[in-house]
Structure formats: C-alpha cells, structure tokens
Amino acid sequence: MPRKRRLGTLVITACAFVAATPAAYGSPPSMLTGTPARTPAAASTQGGASSSRIAQVEQQLATLYQQSESATAAYDTATQAVTAQEQQIVAIAREIVAAQDKAGELKSLIGEVAAAAYRGDGMSPSLGLLLSPDPQAYLANIPLADQATASAAELSTALQSTETQLSQYGHAATQYLQALSGSQTAAAAAAHSIQSELAAATALLSTLQASQLTQLAQLQATDAYSAQLQWRATLTPAELSRAADPLSRAAIAFAVAQIGHPYVWGGTGPDGFDCSGLTMRAWQAAGRSIPRTSQEQWAQLPHVPVSELRPGDLIIYFHDASHVALYVGDGAIIQAPHPGARVELSAAGSMPILGVVRPD
C-alpha cells in the first residue's frame with residue numbers, strides 16, 4: 001500500500017474512533033489528543049438500577065476479555081514450545097539414525113579384525129617366529145599385527161562411545177517427548193480457556209437489550225476517554241510529539257495496513273493477528289526480529305521509561321504482560337484488542353500500562 005494511502009487510512013480510522021463516542025454523552029472530539037469534552041448528559045434513561053447493571057457488565061466484559069488475552073498469551077507460548085520441541089525431536093531422531101549407522105559400521109569392522117585374528121590361529125609372536133619358514137618376513141609383519149591390535153582396541157572404544165551417545169539420545173528424546181506432551185496439553189487448555197471466556201462474554205452481551213448495548217458502548221468510550229486524559233496529563237507536549245525514526249516508520253506503516261483485520265488468537269497474519277502477532281510482524285517488516293509473545297517481548301526487549309516513549313515502541317499492558325500494542329505517536333496505539341475485535345487505532349492510556357519496551 002502506498003504511504004499516502006496508509007496515512008489516509010490512519011486518519012480515517014482516527015475519525016471513526018472519535019465518531020464512535022456520541023457528542024450527546026459528552027464525548028470528546030478526539031479521545032487520542034485529549035481535547036476537552038462538553039458537559040456530559042445523563043447516561044441512562046432507565047434509572048439507577050439500569051446504570052448499575054451496565055457498569056457491572058462493563059467490568060465483567062473487561063475481565064473476560066483480559067482473561068482471554070492472558071489465555072491467548074499462554075496459548076502462544078505453548079504452541080511456540082510445541083514447534084520448538086517437535087524440531088528438537090526430529091533433530092535427535094536424525095542423530096540417532098546416524099549413531100546407529102556408525103555403530104553398525106564399527107561392529108562390522110570389529111568383526112573383520114576378529115576374523116583376521118582368527119585366521120592367524122591365535123599364535124604368539126615368539127612361536128610364530130620359531131615356526132616361520134621366512135623369519136625375516138615374519139619380523140617385518142609384526143608392526144602390522146600390532147597396528148591391527150591397536151585398531152581393534154580403538155574400534156571397540158569408538159563403539160562404546162557411540163552406544164553411549166545412543167543411550168543419551170534416547171534419554172533426551174524421551175524428555176522432549178514428555179515436554180511436547182505437556183506443551184500440547186497446555187495449548188489445548190489455553191484454547192479451551194479462550195473459548196470459555198469468549199462464550200461467557202457472548203452470553204453476557206446476549207442478556208442486554210439494544211438500548212442497553214448502546215449504553216454499554218457509550219460507557220466504555222467515556223471510561224476510555226477519562227483514562228486517556230489522565231494518562232496524557234502525565235506527559236508533556238514535547239514527550240507526546242516525538243517523531244519516529246526510519247525503522248519505526250516502517251513498523252508503523254505495516255501496522256496501519258493491518259487496520260480492520262480480525263483478531264485471531266494465535267494469529268501472526270496475513271489475514272488475522274493477536275496482539276503480539278501484530279507487533280512481531282510489524283517489527284519484522286522493519287527488519288527486526290523480536291520475540292513472539294507479549295510476555296517474552298516484555299522480558300527480553302530493552303525497557304524505557306514511559307516519559308521517553310516514542311513512536312515504534314511497544315506498550316505492554318496489565319500486570320501479567322498479557323497485552324501489547326504498537327505506539328504510533330501523539331497518545332495513540334495500533335492494537336489487536338481482543339478476540340472478536342479487529343485491529344484498530346486506540347488511545348494508549350485507555351488500559352493499565354505495565355511499561356514500555358523498544359525493539360530498535
């Protein structure tokens with residue numbers, strides 16, 4: 001996608017994000033920039049009980065979606081382990097085949113040496129010299145006989161070493177198979193957890209009437225805006241207006257092009273992404289290889305203070321580092337929010353920030 005079109009997509013998405021919060025509910029012209037909001041109108045037409053119910057649903061949904069994100073991170077970790085362990089098992093299997101072939105060759109050579117020794121009738125060197133019709137020729141062949149004896153010993157040592165390797169490979173293969181089984185079980189459990197959380201969220205939403213769903217969307221937007229304002233207040237205009245470097249621009253351009261793609265747990269593109277799959281691919285497009293999961297990105301990439309945040313950095317969210325988004329500047333992020341949603345432009349401060357990491 002040409003750069004102008006990418007930037008146009010970003011602007012359109014930003015406008016859509018702003019428009020999603022109706023003015024009748026005191027939403028701001030821009031949730032990203034923190035433009036002052038108008039005085040809110042009454043948020044509920046169904047009384048305090050209805051408002052309380054909507055607030056409760058909002059909290060329950062936030063918990064369910066955050067738990068599904070945690071489960072997705074566990075799923076990503078488990079499936080990554082499955083892939084690595086399968087590759088290790090294949091590598092060990094190849095080593096075992098090679099060691100078995102080597103052991104077979106050594107046994108064959110040892111057999112040949114033993115047969116040659118047998119053909120010599122096991123005669124001692126002194127007796128062979130006494131009975132030999134050509135003593136000089138016999139004496140000349142003694143070094144060759146000694147060499148053959150030494151070779152037999154070396155072959156025997158090599159065979160023992162190879163058989164020890166085979167035993168070690170077999171033990172390692174058993175361990176990796178056990179680990180693989182554990183990782184597969186963990187992946188299946190995480191997938192079940194994701195499906196359960198999403199089913200619970202769907203069931204919860206199904207209990208609401210159309211007017212209540214509208215209220216819920218308005219409450220979510222208002223709360224996100226409030227959180228964004230509080231977060232932006234901790235940064236100076238200069239800190240919010242830092243420019244991206246060339247690598248960061250490449251990562252951001254990739255992320256912008258993915259806006260509208262569905263969230264897919266375990267997804268790394270091209271048709272869908274989870275949160276860390278999107279950030280990983282964005283930085284791969286910029287020529288940087290970064291870890292697969294949000295927890296690994298938090299654990300392995302350099303940390304920077306939030307006050308030093310600049311476009312291209314990754315913002316890690318929640319206490320368990322279960323969510324990550326790509327910061328694009330001026331208080332905005334591009335993220336794959338949660339199962340059931342799509343890649344979107346969002347307010348960076350709308351979720352609890354754990355910290356910031358810098359891939360470049």
Side-chain angles (χ1 to χ4, degrees), residues 31 55-81 186-187 189-198 200-201 204 219-235 239 263 265-267 273-280 282-283 290-310 312-328 331-341 343-344 346-359:
M31 188 177 293
Q56 182 183 34
V57 169
E58 181 194 29
Q59 292 177 354
Q60 290 173 329
L61 279 176
T63 298
L64 288 170
Y65 285 139
Q66 202 274 316
Q67 288 173 344
S68 73
E69 273 282 271
S70 296
T72 299
Y75 177 83
D76 290 344
T77 298
T79 53
Q80 188 178 26
H192 177 73
S193 178
I194 295 167
Q195 292 164 345
S196 296
E197 303 296 346
L198 293 179
L204 182 60
L219 180 60
Q220 289 172 325
T222 299
D223 287 348
Y225 170 59
S226 177
Q228 174 73 349
L229 282 184
Q230 292 178 25
W231 176 73
R232 285 181 63 92
T234 66
L235 301 173
E239 290 169 345
Y263 182 107
W265 46 274
F273 301 86
D274 61 21
C275 65
S276 58
L278 175 64
T279 55
M280 179 188 71
W283 271 100
I290 66 174
R292 166 66 181 92
T293 70
S294 57
Q295 286 96 341
E296 290 175 328
Q297 291 170 5
W298 174 244
Q300 298 180 29
L301 296 176
H303 290 208
V304 296
V306 175
S307 61
E308 296 181 13
L309 183 65
R310 73 184 188 200
D313 288 345
L314 306 183
I315 302 182
I316 310 294
Y317 293 94
F318 304 110
H319 70 279
D320 59 352
S322 57
H323 188 65
V324 61
L326 181 71
Y327 183 66
V328 297
I333 54 172
I334 294 177
Q335 63 165 339
H338 55 73
V343 176
E344 65 180 17
S346 304
S350 60
M351 297 171 286
I353 294 175
L354 178 63
V356 177
V357 295
R358 181 163 293 163

Inset, instruction - Could you tell me whether the side chain of Val343 reaches within less than 4.5 Å of the side chain of Ile334, counting heavy atoms only? - result: yes

Inset, instruction - Would you name the heavy atoms of Tyr327 and Ile333 that are closest together and state the gap between them? - result: CA-CG2, 4.0 Å

Inset, instruction - Side-chain contact test, heavy atoms from C-beta onward, threshold under 4.5 Å: evaluate it for Val357 versus Val304 and give yes or no. - result: no

Legend entry - Inter-residue atom distance Gln60.CD - Leu204.CG, 0.5 Å rounding: 5.0 Å

Legend entry - Atom pair CG (Asp320) and OG (Ser294), whose distance is rounded to the nearest 0.5 Å: 7.5 Å

Legend entry - Side chain proximity check, Met351 to Gln335, heavy atoms < 4.5 angstrom: yes

Legend entry - Donor-acceptor contact below 3.5 Å, side chain Tyr317 vs main chain Ala348: yes

Legend entry - Ala189 backbone acceptor or donor facing Ser193 side chain under 3.5 Å: no

Inset, instruction - Determine whether Ile316 and Ile353 make a side-chain contact, defined as any pair of heavy atoms from C-beta on separated by less than 4.5 Å. - result: no

Legend entry - Residues Val306, Ile315; criterion side chain to side chain contact (heavy atoms under 4.5 Å, CB included); working and verdict: CA-CA 9 Å; Val306 175; Ile315 302 182; over 6 Å; no

Legend entry - Any donor-acceptor pair under 3.5 Å from His303 side chain to Trp298 backbone: yes

Inset, instruction - Grab the two heavy atoms, one from Pro291 and one from Glu296, that are nearest each other, plus how far apart they are. - result: CB-CB, 3.5 Å

Inset, instruction - Give a yes or no on whether the backbone of Arg310 and the side-chain of Asp313 come within a donor-acceptor separation of less than 3.5 Å. - result: yes

Inset, instruction - Could you check if a side-chain atom of Pro305 sits within less than 4.5 angstrom of a side-chain atom of Val356, using non-hydrogen atoms only? - result: no

Legend entry - Closest approach of Ala227 to Ser350 (non-hydrogen atoms, all atoms of both residues): CB-CA, 4.0 Å

Inset, instruction - Give a yes or no answer on whether the side chain of Thr279 reaches the backbone of Leu326 with a donor-acceptor pair at less than 3.5 Å. - result: no

Inset, instruction - Could you tell me whether a side-chain N or O of Gln228 sits under 3.5 Å from a main-chain N or O of Gly349, the two making a donor and an acceptor? - result: yes

Inset, instruction - Rounded to the nearest 0.5 Å, what's the gap from CD on Gln59 to CG on Leu64? Could you check? - result: 12.0 Å

Inset, instruction - Step by step, work out the side chain to side chain contact (heavy atoms under 4.5 Å, CB included) result for Leu354 and His323. - result: CA-CA 10 Å; Leu354 178 63; His323 188 65; over 6 Å; no

Legend entry - All ring pair (Phe, Tyr, Trp, His ring centres under 6.0 Å) counterparts of Trp283, not counting sequence neighbours: none

Inset, instruction - Find out whether Arg292 and Asp76 are in side-chain contact, i.e. whether some heavy atom of one side chain is under 4.5 Å from a heavy atom of the other. - result: yes

Inset, instruction - May I ask you to decide if Glu69's main-chain N or O and Tyr65's side chain share a donor-acceptor pair within less than 3.5 Å? - result: no

Inset, instruction - Answer whether the closest heavy-atom distance between the side chains of Ile290 and Gln297 falls below 4.5 Å. - result: yes

Legend entry - Flag, side chain of Asp274 to backbone of Gly266, donor-acceptor distance under 3.5 Å: yes

Inset, instruction - Please work out which of the three classes, parallel, tilted or perpendicular, describes the rings of Tyr75 and Trp265, given edges at 30° and 60°. - result: perpendicular

